[in-house]
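Working notes for the structure below.
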There are 2 protein chains.
Amino acid sequence: MNSDFTLAIHSLTYLALQLDRMSTSDAISESAGVHPVRIRKVLSLLKKHGFIKSKEGTGGGFIFARDLSEVNLWDIYKITSEGALQPKCPDSNEACVVGANMQRVLINIFLGAEEHLGEYLKHYTLKDIVDLIYKEN
Amino acid sequence: MNSDFTLAIHSLTYLALQLDRMSTSDAISESAGVHPVRIRKVLSLLKKHGFIKSKEGTGGGFIFARDLSEVNLWDIYKITSEGALQPKCPDSNEACVVGANMQRVLINIFLGAEEHLGEYLKHYTLKDIVDLIYKEN
DNA sequence: TGTACTGTAATACTAAGTGTTACAGATTGA
DNA sequence: TCAATCTGTAACACTTAGTATTACAGTACA
C-alpha cells in the first residue's frame, strides 16, 4: 500500500485541529515530514472529492469542508488506494488448468477482501482519529 | 502487496492437483508464468513451515504435506506477506501534536485491519480454491 | 506590483520487486 | 564412478512504483 492514504489521513487530521483557519501545504508537510508538493497532490484529490476547500494567494491554504464525524477512513481509502490489495499476477499459462483459472479466482477473493476491509475502515471517522491522537496509548 | 502470496497459492494449488507425485519447480513456474528460481524461493518458505515436502535429485520435486482442507489462505498470508498492509509512514514531526501521535494511531488501526483481513482469509481453504478453479465463474 | 499562496507538469532519485546467472549439494540410474 | 536431474541459495542485473525536487503558471491580497 502506498502512503497517499496515510498522508491524506494525516492532512485531514491536521486540518481538523484548525477548523477555524486555513493551513498551508508547507505547514502540513512539515508536520507529516514530506515534501509540500506531495501534500498538495494529495490535498488536490481530497478537494476534488469535496472533503476540503482551498484558496490560492496570500493568506490562502486548505480548510476542512465537511463534518468531522461524517468522513470515515473508507471514504479516504477509496479515493487514494482503491485496488491496492489486488496483487498483480503475471499472465499465467492458459494451457494449465491452474494457470488458466487462478487469476479469476484470486481477483474475486481479493475483491471480497477489500470489501471486508471497507467494513472495518468505515468504523473510523475523522472525529475518532482526532480523539485517538489525544488519547494516551 | 507483493505477489509472493499469490505465487504461494498458485503453487500449492498446482501441488494439490498432483497429490500422488512430485512436481518440479520448472513445471510450476511454467504454470505460473514466472522464473523457476522465484518459485523455489517461495516453495522454500512453504517447506520451512511444513506445508510441503521436497526432494532433490532426479525424480525429485515438491509435494503437498498436509490435508487440503486444513490449510487456509490466512496461514499462507502470514508467512508470505504479514505486515504488508502497514504503510510505511515517514518520520513525522514530534513537535506537532498530529505528527507526534499519528504513527501510533495508524499502526494500531492497520494492525486491526490485518486481523480483520485474517478473519476473511481464514474462510478459504486450499480445498475451496481447488473447487473454485474448476467451477465456472 | 511584489509577495504568498495553490496547481500541476516534468524530471530526477530511490527503494522494492522481479528476473537471471551461477554454482554447490543431493539423488538417481546407467 | 559418472552424467543427468533435481533443489537450495547467493549474487547481481533489470524494471517499475514510489517519492522528492525543480520549475513555473495562475490566483489573491495588501
Side-chain angles (χ1 to χ4, degrees), chain A residues 1-8 10-11 14-15 18 21-49 51-65 80-92, chain B residues 1-8 10-11 14-15 18 21-30 32-65 80-92:
Chain A
M1 170 128 40
N2 77 21
S3 58
D4 282 3
F5 182 39
T6 56
L7 281 179
H10 195 122
S11 303
Y14 189 100
L15 296 182
Q18 314 276 333
R21 55 170 170 255
M22 305 211 107
S23 309
T24 68
S25 59
D26 257 49
I28 301 171
S29 78
E30 200 177 337
S31 165
V34 297
H35 200 279
V37 171
R38 181 111 187 273
I39 291 290
R40 292 210 286 274
K41 268 185 218 159
V42 172
L43 292 182
S44 166
L45 248 187
L46 292 173
K47 181 188 173 185
K48 186 156 65 184
H49 289 84
F51 294 103
I52 59 177
K53 286 184 279 196
S54 72
K55 204 173 123 193
E56 303 182 12
T58 304
F62 301 88
I63 196 164
F64 218 90
T80 57
S81 308
E82 187 150 50
L85 239 50
Q86 206 75 229
K88 50 230 150 298
C89 333
D91 288 338
S92 45
Chain B
M1 174 128 40
N2 78 19
S3 57
D4 282 2
F5 182 39
T6 56
L7 281 179
H10 194 122
S11 303
Y14 188 99
L15 296 181
Q18 314 275 333
R21 55 170 169 257
M22 306 211 105
S23 310
T24 68
S25 59
D26 258 49
I28 301 172
S29 79
E30 199 177 336
V34 299
H35 199 278
V37 171
R38 181 110 187 274
I39 290 290
R40 293 210 284 274
K41 267 184 220 159
V42 172
L43 292 182
S44 166
L45 248 188
L46 292 173
K47 181 189 174 187
K48 186 155 65 182
H49 288 85
F51 294 105
I52 59 177
K53 286 183 279 197
S54 72
K55 204 174 122 194
E56 304 181 13
T58 303
F62 301 88
I63 196 163
F64 218 90
T80 57
S81 307
E82 187 152 49
L85 239 51
Q86 205 74 230
K88 53 232 148 296
C89 333
D91 288 337
S92 45

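Chain naming here is simple, since letters A, B, ... match the order of the sequence lines and numbering starts at 1 in each. Atom set for the values below is all heavy atoms of this structure, side chains included, hydrogens, waters and symmetry mates excluded.
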So does [X] get a side-chain nitrogen or oxygen closer than 4.0 Å to the phosphate oxygens (OP1/OP2) of [N]?
X: S44(B); N: dT7(D); result: no
X: S3(B); N: dT18(C); result: yes
X: K41(B); N: dG19(C); result: no

Item checked: Sugar-phosphate or base contact per nucleotide [nucleotides 25-30 of chain C; S, B, -; heavy atom under 4.0 Å] -> BBBB--
Please state how far atom [atom1] in [X] lies from atom [atom2] in [N], giving the value in whole angstrom units.
X: L46(A); N: dT6(C); atom1: CG; atom2: C1'; value: 15 Å
X: L45(B); N: dT9(D); atom1: CG; atom2: C1'; value: 13 Å
X: M22(A); N: dT27(D); atom1: CE; atom2: P; value: 17 Å
X: I63(B); N: dT7(D); atom1: CD1; atom2: P; value: 13 Å
X: D4(A); N: dA17(D); atom1: CG; atom2: C1'; value: 12 Å

Notebook entry, point to check: If an axis is fit to five pairs at each end of the helix from dT1(C)-dA30(D) to dA30(C)-dT1(D), what is the angle between the two, to the nearest 10°?
Noted result: 0°
Notebook entry, point to check: When all nucleic acid strands are considered with a 4.0 Å heavy-atom cut-off, which category describes K48(A): base, sugar-phosphate, or nothing?
Noted result: nothing
Checklist line | Sugar-phosphate, base or nothing in reach of K47(A), heavy atoms under 4.0 Å | finding: sugar-phosphate
To the nearest 0.5 Å, what is the distance between [atom1] on [X] and [atom2] on [Y]?
X: S92(B); Y: L7(A); atom1: OG; atom2: CG; value: 10.0 Å
X: Y14(A); Y: L43(A); atom1: OH; atom2: CG; value: 11.5 Å
X: I63(B); Y: M22(B); atom1: CD1; atom2: CE; value: 5.0 Å
X: I39(B); Y: S11(B); atom1: CD1; atom2: OG; value: 4.0 Å

Check: So which of residues 24-39 of chain A are in contact with DNA chain C, with a heavy-atom cut-off of under 4.0 Å?
Finding: T24(A), S25(A), V37(A)
Margin query: For F62(B) and S23(B): C-alpha separation, side-chain torsions, deciding distance, then whether side-chain contact (heavy atoms from CB on, under 4.5 Å) applies.
Written below: CA-CA 5 Å; F62(B) 301 88; S23(B) 310; 5.5 Å; no
Margin query: Surrounding CD of Q18(B) (heavy atoms of other residues, nucleotides or ligands, distance under 6.0 Å), is the total greater than 12?
Written below: yes
Checklist line | Salt bridge K41(A)-D4(A), side-chain N to carboxylate O under 4.0 Å | finding: no
Checklist line | Heavy-atom side-chain proximity of L15(B) to I28(B) below 4.5 angstrom | finding: yes
Item checked: First encountered from the 5' end of DNA chain D, between R40(A) and S23(B) -> S23(B)
Check: Have H10(A) and S31(A) got a donor and an acceptor in their side chains that come within less than 3.5 Å?
Finding: yes
Item checked: Distance-only polar pair, side chains of R38(A) and S3(A), donor-acceptor under 3.5 Å -> yes
Item checked: Side chain H49(A), main chain F51(A), donor-acceptor under 3.5 Å -> no
